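Comments concern the structure below.
Computed over heavy atoms, backbone and side chain alike; hydrogens, waters and symmetry mates excluded. As the structure is a prediction and not an experimental result, all values here were calculated from the model. Ligands are counted one by one from 1 in listed order, and the atoms in each one are counted from 1 as well.
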Amino acid sequence: MTLTNMVGVRCCFKLLYAIVVLILLHMNNPCIGCSERESQALLALKQGLVAHHYNDPFLYWGNQNKDCCEWDRVHCSNQTGHVVKLDLRQRSLQGKISPKLIELQHLEYLDLSGNDFNGSQIPDFIGSLSNLRYLDLSRANFLGLIPYQLGNLRNLHYLDLSYQDYLLWLPNLYAKNLYWLPNLSRLKYLDLSVVNLSDVVGWLEAVNMLPKLTNLTLQICNLPPPVISSVSLLNSSKSLVHVDLSSNNLNSSIFQWLPGTHTNLDYLDLTGNKLSGRIPESIGQMSNLVYLLLSDTKLSGRIPESIGQMSNLVYLQLSYTKLSGRIPESIGQMSNLESIDLSMNSFEGVISETHFSKLSKLRILDLSSNSLVLNFSFDWVPPFQLDEIRLGSCKMGPYFPKWLRTQKSYDWLDISDAGISDTIPTWFWDLGSKLGYKDLSRNQIRGNLRSELAYNNLNVSWNQLEGPIPSILSDVSILDLSNNKFSGSASFLCTNKTEESSLTYLDLSRNHVSGELPDCWIHFQQLQFLDLSSNSLSGKIPTTMGHLISIETLNLNNNRFVGELPSQLKNCRNLTLIDVGENKLSGLIPEWLGKNLLNLAIIILRSNQFYRNIPPQLCHLTHLQILDLSMNNISGTIPKCLNTLTTLAQNGYSRPSIEHSNYFQLGESSVSTSSYDDEASLTWKGVRSKYKSILGLVKSIDLSCNKLSGEIPTEITYLVGLVSLNLSRNRLTGQIPLRIGNLQELDSLDLSRNQINGTIPISISWINRIGYLDLSENNLSGKIPIGTQLQTFSFAYGGNPLLCGEPLPRTCSEEEKGPGQSMLVNEDDKDGLITQGFYISMGLGFAVGFWGVCGTLLLNRSCRYTYFNFLTFLNDWLYVKTEIIRQRILNK
Ligand SMILES: *[C@@H]1O[C@H](CO)[C@@H](O)[C@H](O)[C@H]1NC(C)=O
Ligand SMILES: *[C@@H]1O[C@H](CO)[C@@H](O)[C@H](O)[C@H]1NC(C)=O
Ligand SMILES: *[C@@H]1O[C@H](CO)[C@@H](O)[C@H](O)[C@H]1NC(C)=O
Ligand SMILES: *[C@@H]1O[C@H](CO)[C@@H](O)[C@H](O)[C@H]1NC(C)=O
Ligand SMILES: *[C@@H]1O[C@H](CO)[C@@H](O)[C@H](O)[C@H]1NC(C)=O
Ligand SMILES: *[C@@H]1O[C@H](CO)[C@@H](O)[C@H](O)[C@H]1NC(C)=O
Ligand SMILES: *[C@@H]1O[C@H](CO)[C@@H](O)[C@H](O)[C@H]1NC(C)=O
Ligand SMILES: *[C@@H]1O[C@H](CO)[C@@H](O)[C@H](O)[C@H]1NC(C)=O
Ligand SMILES: *[C@@H]1O[C@H](CO)[C@@H](O)[C@H](O)[C@H]1NC(C)=O
């Protein structure tokens with residue numbers, strides 16, 4: 001080998017070496033693929049977070065692949081190789097964000113929404129990610145002040161910090177000012193819903209300084225009314241298309257900002273604000289508006305005619321306001337309208353075909369709860385096919401409305417209280433979707449039901465329907481046939497029953513159904529409400545009723561049931577109301593009522609033949625609110641443990657009505673909530689009446705007409721929440737407990753027809769609000785104490801020969817007057833003027849309890865079966881809206 005050859009070979013090796021090195025260098029090129037710093041930053045982020053799914057791909061970050069650009073949900077630039085996008089939305093991760101995140105300096109897109117950052121603050125170092133264009137930290141359980149450092153994110157187009165507490169909507173985040181906001185001059189999308197902005201007076205100025213802003217969402221922010229100046233109007237950002245300021249404290253000044261300057265608006269939602277006065281005519285200038293939502297406000301007057309100019313409007317929601325007058329016919333020209341909701345207002349006048357002349361796209365029509373008359377020509381064929389027809393209380397009788405025959409596939413029909421006095425036409429049953437809901441209640445409708453009930457939900461209560469009840473097919477879910485003239489046996493319940501029934505609500509009360517109850521309740525495990533009261537049912541209560549594991553309300557009142565309460569009922573652990581009063585039941589009062597059914601709030605066994613003593617187990621019922629054991633053969637003494645009845649031992653109440661709710665499928669693709677309020681009939685001041693919307697206020701014990709003996713236990717004076725106490729017509733002896741005056745809420749006290757002796761305790765005169773008192777037919781003696789009202793109950797003291805003083809004719813001797821029987825007036829008379837008893841005795845209902853079956857939720861198909869799936873859609877805006885309105889109404 002020559003020297004030159006040697007040199008040549010060496011050269012070759014060098015060349016090869018160089019090539020290899022070049023290749024290797026290229027493979028490690030720090031400009032392509034993610035850098036060491038970036039992978040370390042991502043690993044630090046992973047360190048701080050716990051994944052809840054054991055096979056979450058997030059867990060494999062760094063395990064096999066060195067190049068972090070390959071990791072799940074990490075995206076790198078295909079030019080520089082830097083991490084530019086991190087999308088960890090809805091991973092159920094929990095923990096803290098590592099400060100090493102700022103090493104990802106090239107990050108443009110960061111989405112950490114739907115995780116749980118455990119109530120920590122939004123880290124201020126996020127403000128150092130200066131290339132960020134997209135930042136979503138919503139629904140992530142952050143708490144505290146929004147860091148002003150976000151103002152450094154000058155490239156941001158999209159910022160969402162909404163709904164940190166997405167279940168309870170507590171305003172966990174807050175801001176004292178928004179001085180940093182105008183720095184985000186490229187912002188197009190801003191959502192700060194459920195951030196407490198109550199102190200940010202200048203929020204509108206801040207928003208106005210964002211020249212590119214298109215979407216602004218500030219729901220439930222405690223927003224104060226903005227300061228409107230001519231300057232802020234001039235400088236107002238004109239780019240806005242979507243404005244949602246629902247559920248805040250805005251007043252009508254907001255109208256000065258919006259219609260004039262924002263003619264491009266597509267979406268305007270001011271639901272749940274303190275708007276008052278009229279809707280300005282200028283609203284018609286927003287001619288591009290597609291959605292207009294002004295529900296749950298105090299807007300009054302007429303709907304402005306200019307609304308007819310909004311030819312792009314698709315969705316008009318003006319429910320729960322104080323609007324009145326006629327509905328303008330110009331509404332019939334808005335040919336794009338798909339949904340009109342004018343319910344719960346004071347509109348009046350006649351609705352004619354003109355109101356709908358061009359509304360061929362209409363799908364949802366809600367005019368319920370107004371004073372409207374619908375007057376269409378006999379063979380009117382509407383231009384629309386509706387999905388929801390909500391016309392409750394709109395008068396359209398006396399004939400059954402024939403135009404309904406043209407509507408083929410609606411999910412919802414409400415023509416309750418419509419003044420219809422006609423036979424139900426046979427075509428009616430074939431219309432509407434199979435899983436829909438039909439409400440024909442409170443009319444004078446006659447006729448029979450068809451031979452089977454194929455519909456999911458049907459309410460025909462308060463009509464004149466008759467004949468036998470047809471068999472209920474398995475997908476029926478809500479059925480209210482109460483207050484009609486249905487007759488025949490109850491066997492329809494079990495006809496061909498082989499599979500699980502989806503029935504959740506069944507009301508057959510006040511009909512003429514007779515015979516024994518069939519024993520097939522094993523198929524009704526979803527039944528939550530069962531009311532068979534006021535029929536002629538007889539025989540024993542079937543033992544399979546113990547399979548009603550979902551049952552919350554069981555009412556068998558006023559029938560002819562015999563035998564004992566079957567012990568299987570102890571499996572119905574969710575029972576809150578059991579009413580088997582006015583039957584011929586006998587046996588012992590079961591101990592399991594108190595041992596097993598710990599949710600019981602109302603027990604009514606009135607007017608049966610139960611005997612022996614009151615089991616002390618009943619004292620375990622901490623939710624007990626009404627106990628009615630009157631008119632039985634109960635003996636023994638009143639248990640002393642009464643003081644453990646927590647609800648009765650507290651005054652005040654948590655809810656005016658006792659509401660139950662559930663979710664059911666409605667139509668093919670939506671879920672709806674249904675709710676009902678428990679009802680009970682009680683004897684109040686000697687009068688039997690029904691209580692429903694205020695049942696939650698009633699706290700009562702009625703043991704009258706039994707054979708109870710012994711003394712009234714002093715423990716009864718711990719039940720300071722009691723509004724009514726009736727122990728009359730027993731064999732009670734001893735004295736009235738001295739501290740009876742502790743029962744400050746008492747509105748009605750009846751101890752008559754016993755053998756109670758001793759004097760009437762002075763403390764009784766402290767009960768200021770007592771409206772009914774009966775102590776007659778006892779052995780009381782001495783002077784009747786003088787109190788605010790005690791002298792007005794002229795019949796309260798008769799049959800006690802040893803009593804004296806006003807209002808009795810017999811004056812007291814010196815001896816009878818006794819010590820201290822002087823006038824006693826309660827000093828703390830100022831507050832508490834309105835007691836529970838006051839409300840109840842006035843028969844005043846609160847403006848609640850009308851919700852009934854309500855609020856369709858247009859949800860995705862996939863979520864219609866289970867409540868769990870339903871929860872995952874909680875952020876659906878429609879749901880949020882329905883709930884907000886509902887909460888506001890309940891809070892009123
Ligand atoms: C980088 O990717 C984007 C989209 O992911 C693509 O539009 C673009 O053409 C790519 N650029 C190069 C240089 O490959
Ligand atoms: C969440 O915070 C609590 C204290 O506030 C702490 O005990 C808990 O360990 C934290 N959980 C996680 C996953 O960081
Ligand atoms: C907003 O930008 C200005 C510069 O234009 C800067 O001085 C200020 O610190 C920024 N404010 C915030 C809160 O980032
Ligand atoms: C919002 O903040 C204000 C004052 O900063 C406070 O008074 C108010 O209670 C907060 N609202 C809620 C709902 O937390
Ligand atoms: C109005 O906007 C312009 C440009 O954004 C700005 O220079 C000016 O200071 C603003 N005026 C007021 C009174 O905010
Ligand atoms: C912004 O608003 C428009 C108009 O209402 C809407 O179509 C769009 O989906 C909104 N953008 C986002 C990101 O929500
Ligand atoms: C009930 O079953 C009988 C025979 O099994 C059948 O003839 C009848 O059609 C069924 N009725 C209903 C309503 O399914
Ligand atoms: C009983 O009530 C609880 C609480 O409301 C509920 O979670 C549970 O599912 C109910 N049980 C049944 C069998 O319906
Ligand atoms: C009340 O009657 C009981 C017997 O039932 C008797 O022991 C007691 O002395 C009587 N008290 C008065 C004050 O008459």
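- Looking at heavy atoms from C-beta onward, I736 lies in side-chain contact with L751 at the 4.5 angstrom threshold.
- Contact analysis leaves T214 out of contact with ligand 6, as no non-hydrogen atom separation drops below 4.0 angstrom.
- Ligand 6 has a nitrogen or oxygen under 3.5 angstrom from a nitrogen or oxygen of H242.
- Within the 4.0 Å heavy-atom criterion, neither part of Y291 lies near ligand 6.
- At least one side-chain heavy atom of L569 sits less than 4.5 Å from a side-chain heavy atom of L554.
- Closer than 4.0 Å to atom 14 (O) of ligand 8 lies at least one heavy atom of the protein.
- Counting atoms of ligand 8 from 1 in the listed order, those under 4.0 Å from a heavy atom of I549 are 12 (C), 13 (C).
- Residues Y797 and E777 form no side-chain contact, since every pair of their non-hydrogen atoms from C-beta on lies 4.5 Å or further apart.
- Taking the six-membered ring for Trp and thresholds of 30 and 60 degrees, Y291 and Y315 have ring planes inclined between 30 and 60 degrees apart.
- A salt bridge does not link K361 to E338: none of the charged nitrogens lies less than 4.0 Å from a carboxylate oxygen.
- Remark: minimum distance from atom 10 (C) of ligand 9 to any protein heavy atom is reached at N757 ND2, 2.4 Å.
- Under the 4.5 Å side-chain criterion, counting only non-hydrogen atoms from C-beta, I756 is in contact with I712.
- In this comparison of V241, N215, V290, the heavy atom closest to atom 8 (C) of ligand 6 sits on N215.
- The protein heavy-atom contact nearest to atom 5 (O) of ligand 8 is N574 ND2, 4.8 Å.
- Side chains of D579 and L556 form no contact here, defined as non-hydrogen atoms less than 4.5 Å apart.
- Remark: ligand 6 atoms within the under-4.0 Å shell around heavy atoms of Y189 are 12 (C), 13 (C), 14 (O).
- Close approach to D266 involves these atoms of ligand 6, each under 4.0 Å from a residue heavy atom: 4 (C), 5 (O).
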